[in-house]
Amino acid sequence: MYFDETHEAFRASIRRFVDKEINPYMDEWEETTAPLHELFKKMGDLGFLGIRYDPKYGGQGLDYWYETVMLEEIGRIHGMGVSTAIAVQTNMATPAIAAFGSEYLKETYLKPAITGDMVTAIAVTEPDAGSDVFAIKSKAIKKNGYYVLNGSKTYITNGTQADYLTLLAKTSDEPGYHSFGLFVVPTNLPGFHVSKKLDKLGLRSSDTAELFFDNVKIPAENVIGDDREGFICQMKQFQHERFAVLPGTCVGVDNMIAMTVDYLRQRIVFGKPLITKQVLRHRLAGWLMRNEALRQLTYHIVKMKMEGLDATKEVSMGKYLAGQLISEVAGGCLQMYGGMGFMNETLISRYFRDARIMSIGGGADEVMLEIIARLEGF
Ligand SMILES: Cc1cc2nc3c(=O)[nH]c(=O)nc-3n(C[C@H](O)[C@H](O)[C@H](O)COP(=O)(O)OP(=O)(O)OC[C@H]3O[C@@H](n4cnc5c(N)ncnc54)[C@H](O)[C@@H]3O)c2cc1C
């Protein structure tokens with residue numbers, strides 16, 4: 001209904017890639033972290049990293065429906081660490097460069113992100129400012145043709161491997177929103193340090209880092225758009241980030257339910273397969289129903305984006321619903337596996353650990369609810 005033969009052919013090519021180049025390595029990468037330069041180069045060569053971007057910079061020049069196909073297919077990866085790393089590259093760190101960046105920035109930084117020659121990260125969160133982005137303290141002050149950056153960022157996905165960061169910093173002490181700049185910060189500049197690779201509950205195949213900036217001299221041409229309008233640019237970029245988790249969540253939820261149904265068919269308890277228990281069947285059916293509602297909201301958002309409409313409210317609703325649903329389903333399915341669900345050899349335990357991020361990262365559930373309430377005028 002939403003996708004034609006061309007979309008399906010595209011879907012098949014990404015699916016083949018995930019099955020051959022990603023899923024067989026996921027167990028290993030959960031221990032060691034996925035090697036993003038190697039992986040992204042392969043994806044870039046196949047055109048998977050720049051689906052919506054201008055062919056002038058190596059992109060495919062396709063629309064949001066194709067992007068949705070790609071995001072759905074990376075939802076089939078066995079764990080959310082690698083899909084998050086990929087989405088950072090395609091939907092979190094590069095949309096602002098494509099939308100507001102100069103020709104120089106697109107040529108020098110967007111293009112290699114699309115071809116997979118550079119790994120990117122988005123650096124907004126700081127030790128004292130996460131939900132309240134306005135409270136960030138990192139400063140990039142213009143001096144002699146450079147912006148001199150001081151401060152720190154934390155929880156940065158791809159942070160130990162990134163070749164550049166798309167980074168938000170204060171550019172002046174003026175009150176209000178017009179005192180932030182969004183910058184492309186190459187990580188080979190003197191004064192850039194990875195302070196720590198962070199140890200975390202889930203997304204273990206993805207690296208997350210704390211970063212430190214000590215008088216890093218960012219070339220003046222690396223500011224994305226106006227050096228006073230970075231906050232607005234980042235708020236717009238967040239819409240791509242938050243949308244990016246929706247298609248994969250729907251697929252992940254479907255997969256967890258399918259895996260669990262298979263298990264319940266085989267597991268005999270009190271003389272019968274567990275799948276015969278009505279209480280479990282109804283719980284699974286309820287999750288499927290809510291997942292279908294989330295999928296329809298996702299497709300509605302795609303239609304809005306195709307029409308050029310502002311979908312901020314709908315994206316916030318989707319992000320909230322996705323976070324709630326995926327955690328509930330992961331926890332509920334794990335429960336149905338019993339002790340086996342608690343074992344790391346079972347994929348459901350990884351989903352359970354990974355799903356938890358969805359209600360926190362990229363704007364916590366409460367932040368989504370605030371946005372919805374504000375847009376509704378109360
Ligand atoms: C694995 C991982 C990867 C991440 N990757 C990145 C990345 O690549 N780049 C990046 O910039 N950031 C990244 N983040 C940071 C993430 O976006 C923040 O953690 C998130 O925005 C929440 O900020 P915080 O952790 O500072 O929580 P806080 O802002 O301290 O909030 C704590 C909790 O308070 C509650 N809360 C917040 N606001 C309100 C409110 N208005 N009303 C009621 N309750 C509220 C929420 O439940 C929230 O979880 C990542 C985080 C994790 C854990």
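Computation of the quantities below employed the complete heavy-atom set of this structure, encompassing side-chain atoms and omitting hydrogens, waters and symmetry-equivalent molecules.
- V119 is connected to L46 through a chain of hydrophobic side-chain contacts under 4.5 Å among Ile, Leu, Val, Met, Phe, Trp and Tyr, so both are in one cluster.
- Ion pair D354/R204 not flagged as a salt bridge, since none of the NZ, NE, NH1 or NH2 atoms sits closer than 4.0 Å to an Asp/Glu carboxylate oxygen.
- Between the CG atom in L264 and the CG atom in L284 there is a gap of 6.0 Å [rounded to 0.5 Å].
- F183 pairs by the ring pair (Phe, Tyr, Trp, His ring centres under 6.0 Å) definition with Y147, not counting sequence neighbours.
- What you find for H78 and N23 is that their closest heavy atoms are N-OD1, 2.8 Å.
- Residue P95 comes nearest to Y53 through the heavy atom pair N-OH, 3.1 Å, listed as atom of the first residue, atom of the second, then distance.
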Next on the checklist: Applying side chain to side chain contact (heavy atoms under 4.5 Å, CB included) to I136 and F180, what does each step give before you reach the verdict?
Outcome noted: CA-CA 9 Å; I136 63 165; F180 296 80; 3.6 Å; yes
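- Pairing each heavy atom of A162 with each of L165, the nearest pair is CB-CD2, 4.1 Å.
- Within the 4.5 Å cutoff, the side chain of I86 has heavy atoms near those of the L49 side chain.
- Scanning for side chain to side chain contact (heavy atoms under 4.5 Å, CB included) contacts around T125 gives T154, Y155, with sequence neighbours left out.
- Side-chain N or O atoms of T94 include one that pairs as donor or acceptor with a backbone N or O of Q89 at under 3.5 Å.
- Residues A93 and I122 approach most closely at CB-N, 4.0 Å, considering heavy atoms.
- The nearest pair of heavy atoms linking S206 to K200 is O-NZ, 2.5 Å.
- Formation of a donor-acceptor pair under 3.5 Å by the D227 side chain with backbone atoms of G181 is not found in this model.
- Taken to the nearest 0.5 Å, the OG1 atom of T187 stands 8.5 Å off from the CE atom of M118.
- Both cation-pi conditions hold for R242 and F238: the charged atom is under 6.0 angstrom from the six-membered ring centre and inside a 45 degree cone around its axis.
- In this structure, Q239 and F243 have side chains that are not in contact, with every pair of non-hydrogen atoms separated by 4.5 Å or more.
- Annotation: side chain of T120 is not in contact with side chain of T166 (no heavy-atom distance under 4.5 Å).
- For K170 (side chain) and A135 (main-chain N/O), no donor-acceptor pair under 3.5 Å exists by modelled atom type.
- Counting heavy atoms of neighbouring residues, nucleotides and ligands inside a 6.0 Å radius, atom CD of E328 exceeds 12 of them.
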Item to check | Intermediate values then yes/no, side chain to side chain contact (heavy atoms under 4.5 Å, CB included), K153 and S138 | outcome: CA-CA 8 Å; K153 297 284 175 185; S138 291; 3.8 Å; yes
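- Under the 4.5 Å side-chain heavy-atom criterion for ILVMFWY residues, a single connected hydrophobic cluster contains both M26 and I74.
- Looking only at distances, no side-chain donor or acceptor of T171 sits under 3.5 Å from a matching main-chain atom of R228.
- You'll find the side chain of E221 stays beyond 4.5 Å of the side chain of T108, heavy atoms only.
- Residues that satisfy the side chain to side chain contact (heavy atoms under 4.5 Å, CB included) test with K236, not counting sequence neighbours, are F100, I232.
- The distance from the CD atom of E31 to the CD atom of E28 is 9.5 Å, given to the nearest 0.5 Å.
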Next on the checklist: Using salt bridge (charged side-chain N to carboxylate O under 4.0 Å, His left out), reason through R76 and D19 one step at a time and then give a plain yes or no.
Outcome noted: CA-CA 9 Å; R76 291 181 62 259; D19 287 343; 3.4 Å; yes
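- Residues Y299 and L288 share a hydrophobic cluster, clusters being chains of Ile/Leu/Val/Met/Phe/Trp/Tyr side chains in contact below 4.5 Å.
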Item to check | Stepwise side chain to side chain contact (heavy atoms under 4.5 Å, CB included) test for R353 and E30 | outcome: CA-CA 12 Å; R353 288 185 279 107; E30 284 284 296; 4.1 Å; yes
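- Applying the side chain to side chain contact (heavy atoms under 4.5 Å, CB included) rule to I14 yields the partners F10, V18, F48, M70, E73; only residues at least two apart in sequence or on another chain are considered.
- A donor atom on one side chain and an acceptor atom on the other are not found under 3.5 Å apart for H178 and D226.
- Separation of atoms CD (Q296) and NZ (K303) is listed at 8.0 Å; rounding is to 0.5 Å.
- Between the side chain of S179 and the main chain of P175, no donor-acceptor pair closer than 3.5 Å is present.
- At least one donor-acceptor pair closer than 3.5 Å links the side chain of Q237 to the backbone N or O of M92.
- Looking at heavy atoms from C-beta onward, M259 lies in side-chain contact with Y351 at the 4.5 angstrom threshold.
- Ring-plane geometry between F134 and F231 is classed as perpendicular, the angle between the planes exceeding 60 degrees on a 0 to 90 degree scale with a lower cut at 30.
- The side-chain heavy atoms of N291 and V329, taken from C-beta on, include no pair separated by under 4.5 Å.
- To the nearest 0.5 Å, atom CZ of residue R265 and atom OG1 of residue T276 are 11.5 Å apart.
- Residues E72 and R11 are paired through a salt bridge, judged by an N-O separation under 4.0 Å between the basic side chain and the carboxylate.
- Note on ring orientation: taking the six-membered ring where Trp is involved, the planes of F3 and H7 are perpendicular (angle over 60°, cut-offs 30° and 60°).
- The environment of K42 atom NZ is dense: over 12 non-hydrogen atoms of other residues, nucleotides or ligands sit within 6.0 angstrom.
- Linking Ile, Leu, Val, Met, Phe, Trp and Tyr residues whenever their side-chain heavy atoms come within less than 4.5 Å places Y64 and M317 in a single cluster.
- Side-chain contact check for Q324 and D365: at least one donor-acceptor pair (N or O, by modelled atom type) lies under 3.5 Å.
- Note that CD of E366 is 12.0 Å distant from CD1 of I371, once rounded to the nearest 0.5 Å.
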Distance-only criterion, 3.5 Å: show the donor-acceptor pairs between side-chain atoms of residues 54-63 and protein atoms not counting sequence neighbours.
{"unit_1": "D54", "atom_1": "OD1", "unit_2": "K56", "atom_2": "N", "d": "2.9"}
{"unit_1": "K56", "atom_1": "NZ", "unit_2": "E103", "atom_2": "OE2", "d": "3.2"}
{"unit_1": "Y57", "atom_1": "OH", "unit_2": "E103", "atom_2": "OE1", "d": "2.9"}
{"unit_1": "Y57", "atom_1": "OH", "unit_2": "E103", "atom_2": "OE2", "d": "2.9"}
{"unit_1": "D63", "atom_1": "OD1", "unit_2": "W65", "atom_2": "N", "d": "3.0"}
{"unit_1": "D63", "atom_1": "OD1", "unit_2": "Y66", "atom_2": "N", "d": "3.3"}

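- Placement of F352 and M340 within a single hydrophobic cluster is found when ILVMFWY residues are connected by side-chain heavy-atom separations under 4.5 Å, directly or transitively.
- A side chain to side chain donor-acceptor pair (under 3.5 Å) with K197 holds for exactly one of T208, T33, D207; it is T33.
- The existence of a salt bridge linking D173 and K139 is confirmed by a sub-4.0 Å separation between a basic side-chain nitrogen and an acidic carboxylate oxygen.
- Partners of Y320 by ring pair (Phe, Tyr, Trp, His ring centres under 6.0 Å), not counting sequence neighbours: none found.
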Checklist entry - Given the rule in the side chain to side chain contact (heavy atoms under 4.5 Å, CB included) test, do Y109 and Y104 qualify, once you have shown the distances and angles that lead to the verdict? => result CA-CA 8 Å; Y109 295 105; Y104 164 77; 4.3 Å; yes
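- Across Q161 and A34, no two heavy atoms sit closer than the pair NE2-O, 3.0 Å.
- Under the 4.5 Å side-chain criterion, counting only non-hydrogen atoms from C-beta, V69 is not in contact with Y2.
- L110 has its side chain out of reach of L105: every pair of non-hydrogen atoms, C-beta onward, lies at least 4.5 Å apart.
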